[in-house]
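Just below is one structure, and these are the notes that go with it.
Bear in mind that the values here come from a model prediction, so they are computed numbers and not experimental data.
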Amino acid sequence: MNAQQPLTRYIPAMTCQGCVKRMREAIQQHDGEARVEGEPSTQRLSVESRLVADEVDEILRAAGYPGETTSADACDITTPEDQLPANADAEDTPSNQADNLPSQRLAIQGMTCASCVASVQKALRQVPGVVDAEVNFASNTARVRGEATSDALISAVEGVGYGAEPIVDLREAERRRAESSRREYRRKLKGSLIALTLAVPLMVMMFIHHPQPVGIARLGWGLVGLATLAILLGPGRHFFVNAWKAGRHRQANMDTLIAIGTGSAWLYSMVVVLAAPWLPEAARGLYFEAAAMIIGLVLLGNALELRARGRTSDALHRLLDLQSSTARVVRDGREQDVAIDEVQSGDLIRVRPGERLPVDGEVVEGQSYIDESMLTGEPLAVSREPGDDVSAGTVNGRGSLLYRATRVGADTRLGRITEQVANAQGSKPPIGNMADRISSVFVPSVMIIAVLTALAWFHFGPEPRVIHMLVTATTVLIIACPCALGLATPLSTMIGVGKAAEHGVLIRSGDALQTASHLTTLVVDKTGTVTEGKPQVNDQRLLGENTSDLLNLTHALESRSEHPLAIALTQHIESQLGDDLSAVEITDFTSVTGRGVRARDAQGRELAIGNAALLEDIGASLDALGDERESWTSQARTVVYLAVDGQLAASFAIEDPLRHDSIEAIARLRRDGLKVVMLTGDNTATANAIASQAGIDEVRAELTPEDKHAEIERLQRQGEVVGMVGDGINDAPALAQADVGFAMGQGTDVAIESAGVTLMRSSLHGIVDAIEISRATLGNIKQNLWGALGYNTLCIPIAAGVLYPLTGTLLSPVIAGAAMSLSSITVVSNANRLRLFKVSQSPTSTSSKISSTGEANA
């Protein structure tokens, strides 16, 4: 493929910049110099590479993103966008990266370990129409993206021996899951107590005196064997049922190992009881107490694990608690309470003092202060009056409000945030793929190791060989259950994402979580990110006799833009002219990317307004300003120039002050080892002044959006892992190139759908919180994975008897059962340590937590 003729593909599965990144990485594994750019809004991918088209198509298919052939001309879609602002710090309108692909969530029943997760995930991914599926062992849920029907997905799960049902209402599903967990906890705890009631006395008796099953004692041991069988078929029944189901579908899981281990111990013991007179004395070992004790200890471990896991979704529960169950709707002139599901867009909602708002809407009557801290992180209540927007989950102050519902149910801002948190908690960081690969072959491998261990002891072990063979094989099966491996990643992810949500940081996926933890450089815009984003004109110079004409021309040009600097100019001129403001006819309006705009007026005069680079392009001199220009820029003011027929006619000094917390936030970033780089289209002097005030390491000024993209590429070639921060008017090419994107502001619709990380408050402190929490989460995941893998690596050889030549004893299956349960409890406990993690010091005014009471907790 010729690099000068880019290949273009329509990728239906491309829904966000994360997809673009994965496709880029897949292609660059085969061609490191390839350029890959994607537009999620149009699902169009452009590739410049030395690879031929068929090779690219095969790579995309293998990566899970099959493409459809299209021509570059056919895909050259022009999307409407605002005119670029007539100022230096121009920004691109963001591509709409909304997730257009259908997604559904399933509740999965019957999973007991990492091998179960692998089986269910593989079955779901093989359903026609499924693009991707992620199964979460910690929450027993699956999220599936694609066109497959719920019936097809459920059939696939049932086809491998598990149960599934669709999750329609997240709140109801969480309630049912919590209730099911409580029932399961009580059942397992009760079963454990029953099993241990039999096992403990037997264990004590075996230590004190080990009677032989001969004579009348055979009858007593026969009764003990029946009691043990009752334990296996009662409290332990589900181990055998699940093992049978897995076996029917040619699967093996934790239940398989426990069922084989305890079943073998019981069966051998019963054979000894029934045939004791015909067996050598050394072969008359009984293991009823081991079978019962293993069932009891495993059930106890499962119960404790369930109890600990119940706390991992606290943040999601608090979000769900913010959602009202009823709303007071005004219909036919009467107020009536209706279920929240019955509220429709357009309904009038009455909310009284102190009540929580049930849906999003627009105020039509009344005035009050609304506490929005649980969504925005801002502790101060904000005034709301007719015409203002309000959000579900916020708390009304002392006034009474009547507002019209605009978005209801899952479409509310709170509903979408809750959905994103739930999706992120169910996602898996790339590091978790290692556990998936291991678990897919783990249980069969353990069974092979157990068989080889038994054969080795039977042929080469000392007498009684049968006893040694049984003990070692059973111990290997029991101690190697991969519960801890299956819990290592999802538990930490759930708690980490929830912890971030408590700090007003919404992490979109496990991929973003892991990438954020490795960032070495953070790229920031100036306007609206480091600065307030609310600029004001604080000085002007008009070079002409008809100043009113110049101001009207400026207003006519800038009123076509929604950029903050353009808005500041139009508001300044409107307040200055008042009733003297008049309309000016503008023709031939042309936007000059990164510089400003050019046009003509009714008299045919050539007009240009923008930065110094634009005036240099048209040959206009700035000498008339003298030293005033340097004075303005040294004070970190942005200067916008107006030229008429190639001559400088007016200049405006616009100041956008630093955010009150930018200096401290950037200091925190630097303390955390990140280099901060500011990329801006503003002039060099202004950019340097802002950077100097804020303590920023490196500045690149007077850049176009394409220049910013190139700068991020340059940083990545130097080995940097780059994050980019936008404020809702994102630079799409640069965000696509960055390793992870951060959306500043109050969680706009586009930001929530497109960013890897969305901040619910307009503060760089949220970036630091996100990075510190992601690092803590990834560190916790690594601890869990290494702990789980290290446990099995160490314990399996010991269980197989490798220490027997040194100690003369074998590890008891009972100790193996206790150790297996303890490994899971250890992983769960370690994951819950994340709940205690605290970010580095930040001002109370910029840090908050989601609270079901609607208060901002610093």
Could you please spell out the steps behind the salt bridge (charged side-chain N to carboxylate O under 4.0 Å, His left out) verdict for Arg61 and Glu58?
-> CA-CA 5 Å; Arg61 276 194 297 271; Glu58 181 58 34; 2.9 Å; yes

Closest contact, heavy atoms only, [X] versus [Y]:
X: Thr228; Y: Phe288; result: OG1-CB, 3.5 Å
X: Leu196; Y: Leu297; result: CD2-N, 4.2 Å
X: Asp255; Y: Phe239; result: OD1-CD2, 3.1 Å
X: Ser264; Y: Ile260; result: OG-O, 2.6 Å
X: Leu124; Y: Leu106; result: CD2-CD1, 4.2 Å
X: Leu153; Y: Ala148; result: CD2-CB, 4.0 Å

Tell me if a side-chain donor or acceptor on [X] pairs with a main-chain N or O of [Y] at a distance below 3.5 Å.
X: Tyr162; Y: Val117; result: no
X: Gln126; Y: Ala156; result: no
X: Asn830; Y: Thr826; result: no
X: Gln121; Y: Val135; result: yes
X: Ser192; Y: Gly296; result: yes
X: Thr515; Y: Ala512; result: no
X: Ser492; Y: Thr489; result: no
X: Arg145; Y: Val131; result: no
X: Arg465; Y: Gly461; result: yes
X: Arg218; Y: Val273; result: yes

Answer yes or no: are there more than 12 heavy-atom neighbours, outside Lys245 itself, under 6.0 Å from its atom NZ?
->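 No.
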
Crowded around Phe458 CZ? As in, over 12 foreign heavy atoms under 6.0 Å?
->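 No - once you tally the heavy atoms of other residues, nucleotides and ligands closer than 6.0 Å, there are 12 at most.
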
At what distance, to the nearest 0.5 angstrom, does [atom1] of [X] lie from [atom2] of [Y]?
X: Ile194; Y: Ile295; atom1: CD1; atom2: CD1; result: 12.5 Å
X: Leu834; Y: Thr493; atom1: CG; atom2: OG1; result: 9.5 Å
X: Leu810; Y: Thr474; atom1: CG; atom2: OG1; result: 11.5 Å
X: Ile258; Y: His238; atom1: CD1; atom2: NE2; result: 7.0 Å
X: Asn242; Y: Thr256; atom1: CG; atom2: OG1; result: 8.5 Å
X: Ile796; Y: Leu477; atom1: CD1; atom2: CG; result: 10.0 Å

Do the side chains of [Y] and [X] get nearer than 4.5 Å, heavy atoms only?
X: Arg186; Y: Leu189; result: no
X: Val144; Y: Arg125; result: no
X: Ile479; Y: Leu811; result: yes
X: Phe837; Y: Thr777; result: no
X: Trp221; Y: Val224; result: yes

Should the ring pair Trp457 and Tyr804 be called parallel, tilted or perpendicular, given that the plane angle runs from 0 to 90° and is split at 30 and 60?
->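 If you compare the ring of Trp457 with that of Tyr804, the planes turn out perpendicular.
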
After noting the C-alpha distance and the side-chain angles of Met494 and Asn136, does the key distance pass the side-chain contact (heavy atoms from CB on, under 4.5 Å) rule?
-> CA-CA 10 Å; Met494 290 176 69; Asn136 189 306; 3.9 Å; yes

List the steps, then state whether side-chain contact (heavy atoms from CB on, under 4.5 Å) holds for Lys190 with Leu193.
-> CA-CA 5 Å; Lys190 181 180 177 181; Leu193 292 175; 5.8 Å; no

Before accepting this row, confirm whether a basic side-chain N of the pair Arg182/Glu179 lies closer than 4.0 Å to the acidic partner's carboxylate O.
-> yes

N-O pairing of Glu25 and Arg22 below 4.0 Å = no

Taking it one step at a time, do Thr141 and Ile108 satisfy side-chain contact (heavy atoms from CB on, under 4.5 Å)?
-> CA-CA 5 Å; Thr141 59; Ile108 309 296; 5.8 Å; no

